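Since this is a predicted model, take the numbers as computed values, not measurements. Order of the sequence lines sets the chain letters (A, B, ...), proteins ahead of strands, with each chain counted from 1.
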Amino acid sequence: MKRRKLEENIFKGMMFIALFLVFAVLAGIILVVTVKGLSSLNLSMIIDTPKGGYYLGKEGGIANAIVGSLYLMAGATFLAFVISLPVALALQKEYLGKRFADFTRLILDILWGTPSIVYGAFGFVVMVFLGLRASLLGGIIVLTLLMIPIMTRAMDETIRLVPFELKEMAYALGTTRMETTFAVVLKQALPGIFTAIILAFGRGIGDAASILFTAGYTDEIPSSLLDPVASLPLAVFFQVGTPVPEVQARAFAAALILLFIVMVINVIARLLGWRFSKNIVR
Amino acid sequence: MSKIKVKQLSVSYGNHEVLKNISLEIPERQIIAVIGPSGCGKTTLLKSMNRLLELNEDVAVSGDIYIDGTSIYHAETDVTCLRKKVGFLPQHPYPLPMSIYENVAFGPRIHGLDIAKTVSAFSKEGGGRKEKKREMDLLVEHYLSLAGLWEEVKDRLHAPAAKLSIGQQQRLALARVLSVEPEIILADEPTSALDPISAKLVETQFKILKQNYTIIFVTHILRQARRLADYIIFLYMGDLVEHELASQFFTEPRDKKTKDYITGEIS
Ligand SMILES: Nc1ncnc2c1ncn2[C@@H]1O[C@H](COP(=O)(O)OP(=O)(O)O)[C@@H](O)[C@H]1O
Ligand SMILES: [Mg+2]
């Protein structure tokens with residue numbers, strides 16, 4: 001009896017320590033970014049583009065990077081969604097069959113594990129081949145590719161959780177596969193689909209390597225899809241590496257804004273997921 | 001004439017043959033009970049009658065089933081029409097992930113049923129949007145009543161169906177099956193997950209419904225078969241042992257296995 005109690009306590013202790021580490025790291029990141037970035041975060045930082053010399057200047061703000069990241073993510077999230085959802089739905093065994101679906105999952109998991117710099121390099125090669133220069137469009141496309149595997153697989157996992165008996169009920173009424181998919185599978189999986197979008201968004205918005213060569217960098221806000229575009233992760237990347245403290249502080253301000261955007265998007269998605277979960281069958 | 005004719009039906013999952021050369025005829029507007037020990041192929045037989053079986057992988061069906069004289073395994077059979085005509089009530093009654101109202105309105109909508117015809121007693125002239133909505137309301141009320149659920153849910157039709165008790169969910173499933181106007185209702189141990197009172201309610205509805213529908217239900221409760229069924233199909237390890245009028249089956253069983261089963265010597 002005593003031994004079992006001891007085991008229980010050791011296990012509880014381990015869980016507690018791990019949990020504490022997770023919270024400590026998160027708190028640490030937020031603390032460092034806030035302390036270092038807050039001082040230089042003011043209205044001008046958010047609404048002005050950089051002044052005083054390329055992206056390493058000390059004047060003006062980082063509106064170019066904020067707007068750039070939002071443009072990139074709006075485009076890439078939309079495109080990735082439009083592609084990922086049909087693929088995830090096709091992975092149901094009614095469509096692809098179990099064997100081919102599992103093969104597709106393997107491919108997606110390999111793509112998911114591929115480092116983003118590889119996506120960047122791939123995009124760059126293709127763009128050179130096509131004679132395109134670094135641009136908003138290039139960045140959107142590469143980010144879309146980067147986001148598709150994670151979005152698709154996350155959607156797939158929630159779709160797979162829909163009980164087979166539930167689909168069977170719909171089929172028993174004489175529905176087609178598409179009617180079952182829309183009326184039952186999507187409704188049941190909706191909160192998970194929001195989560196999938198968020199996971200992919202999180203990977204996309206923070207990624208610097210994939211857009212390093214494909215989106216470029218500029219002090220301007222792009223006025224067309226073919227203009228180069230700045231982004232928050234690259235603003236952090238370039239500015240944090242300088243020896244100038246004022247420029248470094250701007251990097252942390254950019255990081256702080258990045259964190260804030262991710263937080264807001266997460267909260268919105270949770271609210272939406274919660275809003276749409278009332279009919280879910282457990 | 002018999003409603004359903006099963007001809008030399010064999011079913012295997014992979015290379016495991018679970019129904020072996022079954023032939024039988026099922027009369028119209030009766031309650032038919034399929035009984036037998038668990039794993040003997042009762043669910044499989046039921047699901048072969050509206051081709052739900054083929055949602056499983058690696059399932060092979062040979063032989064054929066005729067409903068109203070028409071082959072259902074014929075290449076040109078429209079499975080959605082077949083399943084509309086042959087409703088299925090599963091053992092675990094999952095509601096669809098929508099409101100109570102939508103659960104019942106869903107089937108008629110996808111099949112584009114002539115709602116006005118069904119509720120013609122109430123419907124007025126004209127087909128404006130308001131009338132359409134009103135007709136659907138009447139239709140939902142009609143089928144919920146037919147399933148014996150209306151009184152319990154009429155004040156919360158737009159609440160999520162998932163909030164209902166399991167006994168209510170089973171009757172909602174029944175209303176949903178009825179809503180597409182089937183002629184045959186297949187029910188797979190429809191009361192096994194229910195409390196005794198809900199089970200009684202479902203049994204009562206079956207007795208009422210048999211005037212207009214052919215009801216085939218699986219049960220492992222002999223007393224339930226005795227209470228409800230006009231006709232009995234007894235399966236044992238994939239073989240059809242006996243199919244017989246209930247009165248005959250319980251009083252003078254022909255087969256030794258039947259005798260042993262109803263006296264409880266095999267189970
Ligand atoms: N999807 C399936 N895949 C493989 N074997 C199955 C499947 N469904 C049922 N079986 C097997 O077929 C036999 C009959 O099953 P079933 O028709 O469900 O019997 P019952 O409903 O009488 O309990 C059992 O041995 C069962 O293990
Ligand atoms: Mg069964």
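Within residues 144-175 of chain A, the residues having any heavy atom less than 4.5 Å from a heavy atom of chain B are, in residue-number order, A:Pro163, A:Phe164, A:Glu165, A:Leu166, A:Glu168, A:Met169, A:Ala170, A:Tyr171, A:Ala172, A:Leu173, A:Gly174, A:Thr175.
No more than 12 heavy atoms of other residues, nucleotides or ligands sit less than 6.0 Å from atom CZ of A:Phe260. Shown here is A:Tyr71, whose OH atom has no more than 12 heavy atoms of other residues, nucleotides or ligands within 6.0 Å. Shown here is A:Phe182, whose CZ atom has no more than 12 heavy atoms of other residues, nucleotides or ligands within 6.0 Å. Within a 6.0 Å sphere centred on CG of B:Asn15, heavy atoms belonging to other residues, nucleotides or ligands number 12 at most. Surrounding CZ of A:Phe100 are at most 12 heavy atoms belonging to other residues, nucleotides or ligands under 6.0 Å away. Within 6.0 Å of atom OH in B:Tyr73, more than 12 heavy atoms from other residues, nucleotides or ligands are found, so the atom counts as buried in its surroundings. Within 6.0 Å of NZ on A:Lys93 lie more than 12 heavy atoms contributed by other residues, nucleotides or ligands.
The two residues B:Ala161 and A:Asn279 have their closest heavy-atom pair at N-OD1, 4.4 Å. In terms of heavy atoms, A:Lys278 sits closest to B:Lys163 at O-NZ, 4.4 Å.
Considering only heavy-atom pairs separated by less than 4.5 Å from chain A, the leading option among B:Val79, B:Val86, B:Ile110, B:Val180 is B:Ile110. Annotation: maximal heavy-atom pairing with chain A below 4.5 Å, among B:Pro160, B:Ala173, B:Pro97, occurs at B:Pro97. Between chain A and the residues B:Pro90, B:Ala162, B:Pro95, the most heavy-atom pairs under 4.5 angstrom are made by B:Pro95.
Within the 4.5 angstrom heavy-atom criterion, no atom of B:Lys85 approaches chain A. With a 4.5 angstrom heavy-atom cutoff, B:Arg176 touches chain A via backbone and side-chain atoms both.
The CD atom of A:Glu94 lies 9.5 Å from the CD atom of B:Glu57; values are rounded to the nearest 0.5 Å. Note that the OG1 atom of B:Thr80 and the CD atom of A:Glu179 stand 8.0 Å from one another [nearest 0.5 Å]. Here B:Leu96 contributes atom CG and A:Lys187 contributes atom NZ; the two are 8.5 Å apart, rounded to the nearest 0.5 Å.
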